[in-house]
Amino acid sequence: MNQVFLKTLAREATVHTPVWLMRQAGRYLPEYRATRARAGSFLALAKTPELACEVTLQPLDRYPLLDAAILFSDILTVPDAMGLGLYFAEGEGPRFERRIEGEADVAALPLPDMETDLRYVMDAVRLIRKTLDGRVPLIGFSGSPWTLACYMVEGGGSDDFRRVKTLMYKRPDLMLELLRRNANAVAAYLNAQIQAGAQAVMIFDTWGGVLGDGLFQKFSLAPMRWVHDALLRSRQEDGIEKPVPSIVFTKGGGLWLEEIAAIGCDALGLDWTVNLGSARARVGQRVALQGNLDPMALMADPAQVQAQALRVLESFGLPQAGVGHVFNLGHGISQFTDPEHVTALLEAVRDFSSKQRKSVECA
């Protein structure tokens, strides 16, 4: 197996900087669009394990320089399994048939059964692991308790987060109860993915950055700590106890890197607004870092894309024992990305990061 990604999360020496891309299986790939058309809808695609496996592996088949696969699914599978009725409106993104408005709604939220309500996800994890056959590690994931709450209270996406912030300010006790229920569900969900075969897990705290200082710690960071406290940190495979590292990505969370690192995760995902060198100095050897090319940099010409990739690697600096860097984007890849630009990116990361290590060896 290509172990570079897992070794990096353990902050061990590697021959190159590993790379995977958030939303690497997506609409920018023509093969993905063809499979989605065959499925008939996004939800049918996500809820059919064979198709979810197919699209998970598509970027690996196109890009052999990728060092990890990530489960193809959606962060809103958990609230859907809690009875809110997920659907996708044309041109509007995800919506829920029912949203959380008051105490009765929160009290009615069940803890989903992972092998019934979310069996399709676990079946997909098992099938992907079997099909990968050790090619690269598989990452499982979930939305953070706060991010899920945003969608659950708003009823979908939002520009101003008016409903969820109103609830947070007016009824902080009720918001914390919702977050506690979400944290229990997220922990159970990630643990089920680990037991099904996920070799690393990632928490997407997409909307943590919309909170102010103080509020972030109470309503986003603390619930992620609850999740981490309940996470399986290893699993038995082939008779061997293997660690299962975790990554936390708070978009807009550059202000709180030290505090996020302290919750027990193995790596921090960074958006493109954060300087990697400064982040490395701030967190030291506590966690590895992941990121953080602006996805829009991939709109430039291939040579310019490669120059931006080198800038990210140079920003992190020379690798050394005890620190780790996983190259990634600062958020999900755009559907308008030219697939050939991704090829240029991956080649640049592999070539330059390998030369960086050789320069250290020769020094």
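Everything numeric here is computed off the predicted structure, so don't read it as measured data.
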Notebook entry, point to check: Is the shortest distance from a Lys or Arg side-chain nitrogen in Glu101 or Arg171 to a carboxylate oxygen in the other one below 4.0 Å?
Noted result: no
Next item on the list: Please confirm whether Phe96 and Tyr87 have ring centers closer than 6.0 angstrom.
Entry: no
Checklist line | Within 45° cone and under 6.0 Å: Arg280 NZ/CZ vs Phe316 ring | finding: yes
Check: Less than 4.5 Å apart, any side-chain heavy atom of Met114 and any of Gln193?
Finding: no
Note to self: Contact between Asn292 and Leu329 at the side-chain level, heavy atoms closer than 4.5 Å - yes or no?
What the structure shows: no
Notebook entry, point to check: Is Arg286 salt-bridged to Asp266, going by a charged N under 4.0 Å from an acidic O?
Noted result: no
Notebook entry, point to check: Hey, mind stepping through Phe219 and Leu176 against side chain to side chain contact (heavy atoms under 4.5 Å, CB included) and telling me if it holds?
Noted result: CA-CA 7 Å; Phe219 294 104; Leu176 287 172; 3.9 Å; yes
Next item on the list: May I ask you to check whether Asn184 and Trp226 show a side-chain donor-acceptor distance below 3.5 Å?
Entry: no
Notebook entry, point to check: Does a donor on one side chain and an acceptor on the other come within less than 3.5 Å for Tyr189 and Thr77?
Noted result: yes
Next item on the list: Dump the intermediate steps for side chain to side chain contact (heavy atoms under 4.5 Å, CB included) on Leu148 and Leu179, then the final yes or no.
Entry: CA-CA 9 Å; Leu148 297 184; Leu179 293 169; over 6 Å; no
Notebook entry, point to check: Do Leu345 and Leu293 have side chains that get closer than 4.5 Å, going by heavy atoms?
Noted result: yes
Next item on the list: For the residue pair Ser158 and Val164, establish whether any side-chain heavy-atom pair is separated by less than 4.5 Å.
Entry: no
Checklist line | Steps toward side chain to side chain contact (heavy atoms under 4.5 Å, CB included) verdict (Leu270, Leu257) | finding: CA-CA 9 Å; Leu270 306 176; Leu257 298 185; 3.5 Å; yes
Notebook entry, point to check: Is the distance between the ring centroids of Phe161 and Tyr151 under 6.0 Å?
Noted result: no
Margin query: Between Leu45 and Thr35, is there a side-chain heavy-atom distance shorter than 4.5 Å?
Written below: yes
Checklist line | Plane angle bin for Phe204 and Phe141 - parallel if under 30°, tilted between 30 and 60°, otherwise perpendicular | finding: perpendicular
Next item on the list: Decide yes or no for Val312 and Gln308: does some side-chain heavy atom of the first lie under 4.5 Å from some side-chain heavy atom of the second?
Entry: no
Next item on the list: Assign the ring pair Phe5 / Trp20 to parallel, tilted or perpendicular, where the plane angle (0 to 90°) is split at 30° and 60°.
Entry: perpendicular
Next item on the list: Verify, without hydrogens or angle tests, whether Arg163 (side chain) and Glu154 (backbone) share a donor-acceptor contact under 3.5 angstrom.
Entry: yes
Check: Do Ile194 and Asn191 touch side chain to side chain, with heavy atoms closer than 4.5 Å?
Finding: yes
Next item on the list: Inspect the surroundings of CZ in Arg27 and state if more than 12 heavy atoms from other residues, nucleotides or ligands are less than 6.0 Å away.
Entry: no
Item checked: Pairwise salt bridge (Lys or Arg N to Asp or Glu O under 4.0 Å) hits with a residue in residues 55-84, at least two apart -> Glu31-Arg62, Lys47-Asp80, Asp61-Arg135, Asp67-Arg350
Checklist line | Test item: Phe72 and Cys53 side chains (from C-beta on) under 4.5 Å apart, heavy atoms | finding: no
Note to self: Using side chain to side chain contact (heavy atoms under 4.5 Å, CB included), reason through Thr206 and Ser144 one step at a time and then give a plain yes or no.
What the structure shows: CA-CA 8 Å; Thr206 310; Ser144 72; over 6 Å; no
